[in-house]
Amino acid sequence: MASPNTYRLSCSIPGHEMDVRGLATGFFPDGAFVSVSRDRTGRVWVPISSSNRGFTEMHCMNGHTNFVSCVCIIAPNDTYPRGLIATGGNDNNICVFSLDRPDPLFILKGHKNTVCTLSAGKFGTLLSGSWDTTAKVWLNDKCMMTLQGHTAAVWAAVILPEQGLMLTGSADKTIKLWKAGRCEKTFTGHEDCVRGLAVINESEFFSCSNDASIRRWLVTGECVQVYYGHTNYIYSLAVFPNGEDFVSTGEDRTVRIWKRGECAQTIRLPAQSVWCCCLLSNGDIVVGASDGIIRVFTETDERVASAEDLQAFEDELSKATIDPKTGDLGDIKMEDLPGREHLDEPGTRDGQTRLIKDGQKVEAYQWSVSEGRWMKIGDVVGGSSKASSGRVMYEGKEYDFVFTIDVNEGGPSMKLPYNVTDDPWLTAHNFLQKNDLSPMFLDQVANFIIENTKGHTLGTAQPMGVDPFTGSGRYIPGSSDSLTGFGADPFTGSGRYIPGSGPSVTGPTGVADPFTGGSAYSSAALQQSSSNIYFPKTDAVTFEQANSTQILAKLKELNGGAPDDKKLPEDAVGKLEKLLLNVCDLKSSDTPTQDEISILWKTSHWPEDIVFPVLDILRLAVRHPVVNQSLCSETEGVQFCNHMLSLMAPQGRPANQMLALRTLCNCFSGPLGRNLLMSQRETVMSRATELKGVCNKNIHIALATLVLNYAGGLHGQADLEGKAQCLSMVSTILEGALDKEAVFRLLVALGTTVSGDPTAKDLAQSLGVKSQIAKYSSVSDPAKVGECCRLVLNELQ
């Protein structure tokens, strides 16, 4: 008689022809689930209405041209009231299916290798992870952003309940927390590849790994518990609704049920790899394995399989053969094993394993608490896992070890033979070449050999952080000194000329900005409506303020002390002075000459400690149509843009960073400058966002203005990836922005990005922007911040 709260077989579903690699609980119909397999199909299973147990195939999906590796359910919406099914495959694609047709509604292309994990979030967002080392965020049929940071395959990805938070687990042994497309935190602790992630609640999650451990984490970074029990790779996790108990599956042929922090039950399967699991709404557990069979286990007596089916399952298990070299049973010394009488003693815990000698055979038994007896789980074949216990025959040759390697997420396991006299790095290299695998797995395979041969190698393992092929160290950027502060003139102290001092921008004569009074915007736009005068903002916001006298005085002073090869002759200074006066008054009839522009460009490459007055002239000059056309042309524009980006390097001087940002903002005032910046959007915005941590309000305002100009340039366009980058940059800068003017411009940028674009609104909601900006809705000083915030929140409803 089974003990209460013990899981037993409910049914076996032989529905696939090859390994079942992914499972997901469906929204419709009630009690349904979806499976995907290496047989390239996905299948929807529904309970048999005339029975308490059993499932029947309701729907079969085809669309992948190679193995299917993972599956998730996209929640129902008005368009698809029964939800959608997303599958990822070895063909690098994601197929999205409805329940109405067997072929995909659409196929998401963008990954460069196997898509091995999927997770669906609110508002239709989809998170995918791939062996190409990236994760991608999708909305409908578009890629919104790519999450880059892992150095090896991304095997696991989940979206947390709190909007905007995402987790990825990788073969680089780390877990990363992402918010609005940027990495917020990296979790370390696992000693091998991270294979699975499962959300507990908005602040906690589980992870499992090839290191045979399960970890419980807080999103703040702390690992609060480690669970041991599996004896091999752990592939998948599923959490019960109570948030405490969970299920795990792995390469040791087991499903393990964990309750109150302990392994309460171990269920062995007649298949080596138990790839995946999911939980049904009635509490039953569904598992998929390498034998192509789906099995359902239940605690409820009414749903337990018939006595005949239970016996058939036990018989199948007893006929399984167990290779001791998997390590599942520990080292085996046949001469030390007891006989069958050892089974007369009861076990001490569920899942306990005993090996007994029966003549020349070794049999494995497992203690079942529910049955109160030892159940045979297979015959042990082969010798000990220790090299001293005998050699292993493989492809006609004897080896000390023959490992089973699961390095290709979508494909079959591979054999790796090894002798202790071999070099592990050369062996790993040859193994990857033979199986046509990426060399990025070299470290992983070589370290696996070293670890599992107990270090008995003649070759020397490469130290961590060293290229295993060349032995050279890797370059790690960002190791420079911390940034210096900026406020007073860095050379003369407070006083005459400080770049960025005074009003940020002014409006042109005769046209006052309808909502800032001209103190923050240069705008030719008139009031758009009585209810929303803030966004969409489509004309360029520029930095106009200038004191030409002070700029020129500082230029002459620094030129006097400039290196001889950089010092300007008097006539060149005179030409820069003329250029400055011309560009300060855009209504001047004098036109900047090419000679003046050339001198300005050459002088902008002065040493970084003296270049800032030149950058201030450049910032003003690019507003002039002639200068804008010259510096931002197809032939010169990329070089100009790259020079500005070099001045914005995080380790650079804040004065130069600010002026370079303002120059880029002012480029939007001309059509060529606007086209240049839009064509370089991804690089410019990524590099600009790196300055988020600089504690300087002028830099924050310049960053906010840059993203606002990009939002204006994208308004009305179908460039969803560009809008996603705008949303990510807004969210990033908002976290560190203390100045209200910067916050205001970010709110206008946000409103401009989502205005009139339902897809961009959905993405903003999924990234958690609403919760991030809500605190500004009550700001009354200045009033424009609160007013604009409330309008953005209304837009996102």
Side-chain angles (χ1 to χ4, degrees), residues 19 21 38 66-67 69 90 92 112-114 116 130-133 150-155 170-173 190-195 209-212 232-235 250-252 272-273 275 290 323-328 382-383 385-387 390-471:
D19 300 47
R21 294 307 303 263
R38 285 184 58 223
N66 211 325
F67 311 143
S69 304
N90 225 44
N92 309 346
K112 298 177 182 177
N113 210 322
T114 298
C116 52
S130 167
W131 282 83
D132 65 10
T133 76
H150 285 293
T151 58
V154 178
W155 272 349
S170 170
D172 64 13
K173 307 178 188 179
H190 280 297
E191 298 175 1
D192 207 334
C193 314
V194 179
R195 296 299 296 263
S209 166
N210 280 5
D211 65 11
N232 210 320
Y233 299 168
I234 307 174
Y235 294 133
E251 184 67 15
D252 57 5
Q272 182 63 52
S273 305
W275 291 118
S290 54
D323 181 357
K325 286 186 167 50
T326 62
D328 299 348
S385 61
K386 299 290 186 182
R391 308 267 285 173
V392 186
M393 189 70 70
Y394 177 69
E395 294 184 341
K397 297 180 181 179
E398 285 190 342
Y399 294 91
D400 295 323
F401 298 87
V402 177
F403 297 110
T404 299
I405 302 292
D406 177 40
V407 72
N408 188 349
E409 174 67 15
S413 298
M414 303 170 187
K415 297 297 183 182
L416 191 162
Y418 178 75
N419 288 315
V420 295
T421 55
D422 295 338
D423 183 321
W425 297 92
L426 182 59
T427 301
H429 176 72
N430 292 337
F431 168 77
L432 295 176
Q433 280 200 328
K434 176 182 177 182
N435 292 284
D436 195 26
L437 297 170
S438 169
M440 75 176 180
F441 299 124
L442 181 68
D443 283 12
Q444 179 186 337
V445 176
N447 287 324
F448 173 87
I449 294 171
I450 294 167
E451 175 63 26
N452 286 276
T453 55
K454 307 303 180 186
H456 296 305
T457 61
L458 296 182
T460 303
Q462 296 283 356
M464 291 297 291
V466 175
D467 187 301
F469 285 112
T470 67

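Computed from a predicted structure; not experimentally measured.
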Considering all heavy atoms of both residues, which atom of L416 and which atom of T427 are nearest to each other, and what is their separation?
-> CD2-CG2, 3.8 Å

Minimum heavy-atom distance R38-R21, with the two atoms named = CG-CG, 3.9 Å

Looking only at atom types and distance, does a side-chain atom of S130 sit under 3.5 Å from a main-chain N or O of T114, one as donor and one as acceptor?
-> yes

Nearest-0.5 Å distance, CZ of residue R195 to OH of residue Y233 | 8.0 Å

Under 3.5 Å, side chain of N90 to main-chain N/O of F67, donor-acceptor pair present?
-> no

Could you tell me whether a side-chain N or O of S209 sits under 3.5 Å from a main-chain N or O of C193, the two making a donor and an acceptor?
-> yes

Nearest 0.5 Å, what's the CD-CD distance between E251 and Q272?
-> 4.5 Å

Pairwise distance OG(S170) to NE2(H150) - rounded to 0.5 angstrom | 5.0 Å

Atom OG1 of T133 and atom CG of D172: how far apart are they, to the nearest 0.5 Å?
-> 9.0 Å

Reported OG-to-CH2 distance for the pair S69 and W275, which is rounded to 0.5 angstrom | 10.0 Å

